[in-house]
Participant: 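Before I ask anything, here is the structure I am working with.
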Amino acid sequence: MSMTLLHHLSGLLAQSGLIPRGTRVFVFDRIFTVFLLLGTLVGVVVIAYMLYNAYKYRDTGEADDVDRPALGELPADGGKGKKLFTSFALSAVIVISLVAWTYGTLLYVEEGPSQAESLEIEVEGYQFGWRFTYPNGHVEDSTAGGVLRVPVDRGIRLRVTSADVFHNFGIPEQKVKSDAIPGQTSETWFEADETGTYTANCYELCGAGHSYMTAQVVVMEPDEYREWYTNLNESAS
Ligand SMILES: [Cu+2]
């Protein structure tokens, strides 16, 4: 299927309001639920139909007057392939809608909140820690006890790069993960809808200290965050 058709289909889906909008956690949760429900539904239908036929055409031991095809002979009188066509058409509709829906959903997830309404933080990986740089130039370094502080309910855009080898920055609880490649910047985003402390890990084996390459992520109330951030400003100037 061509990408333009996919684009078109997912555009229609977006307009219909079927594309879930929200935090990454919400969106990925929705994708999981839809796949789980549809998979279960298809599985139940297929297995039930198989059991029904196995029972219906079971060998009762009694002689019947049905003209059964012999081994190697194709069955005739199959209803002109109507059943086959219906099941093919149904499967195609389900699969194509699912692909278009998932594609549209992931397009939105890639896009994220607008630049204007989100907070942008530079993330730099190095052997073996993370450096976070805020818009005002303030730096938090994980090996020096620094933490990534962010406000709750606000889009956080991360610009991820590396100072030495390939790393990969991820916060599993926020369903965010991005390559950290020297000389390149990968953009990603997340939005926490609850305050708390989370852990960021490195997801690219990068050397002996890889497994210790973690950083704390502290999600704060907006007021608390603003206070922390403005105080930084004052001490810097
Ligand atoms: Cu690493």
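Start at 1 and go down the list; that is how both ligands and their atoms are numbered. Note that the structure is predicted; figures quoted are calculated from it, not measured.
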Participant: Counting only N and O atoms by type, is there a donor-acceptor contact under 3.5 Å from the side chain of R24 to the main-chain atoms of K175?
Facilitator: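 Yes.
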
Participant: Between SG of C206 and SD of M213, what angle is found at the Cu ion (ligand 1), rounded to 10 degrees?
Facilitator: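 Computed angle, vertex at the Cu ion (ligand 1), rounded to 10 degrees: 100°.
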
Participant: With a cut-off of 2.8 Å, does H210 put an N/O/S atom close enough to the Cu ion (ligand 1)?
Facilitator: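 False for H210.
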
Participant: Strictly under 2.8 Å, is any N, O or S atom of S162 next to the Cu ion (ligand 1)?
Facilitator: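 Looking at S162, which is the residue asked about, there is no N, O or S atom under 2.8 Å from the Cu ion (ligand 1).
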
Participant: Which residues satisfy the ring-ring contact (aromatic ring centres under 6.0 Å, His included) test with Y198, sequence neighbours excluded?
Facilitator: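 Counting only residues at least two positions away or on another chain, Y198 forms no ring-ring contact (aromatic ring centres under 6.0 Å, His included).
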
Participant: What is the name of the N/O/S atom of H167 that is nearest to the Cu ion (ligand 1)?
Facilitator: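 H167's closest N, O or S atom to the Cu ion (ligand 1) is named ND1.
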
Participant: Counting only heavy atoms not in E194, do more than 12 fall under 6.0 Å of its CD?
Facilitator: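 Not more than 12 within 6.0 Å, no.
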
Participant: For residues 143-155, which residue pairs pass the salt bridge (Lys or Arg N to Asp or Glu O under 4.0 Å) check, not counting sequence neighbours?
Facilitator: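 Sorted pair list comes back empty.
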
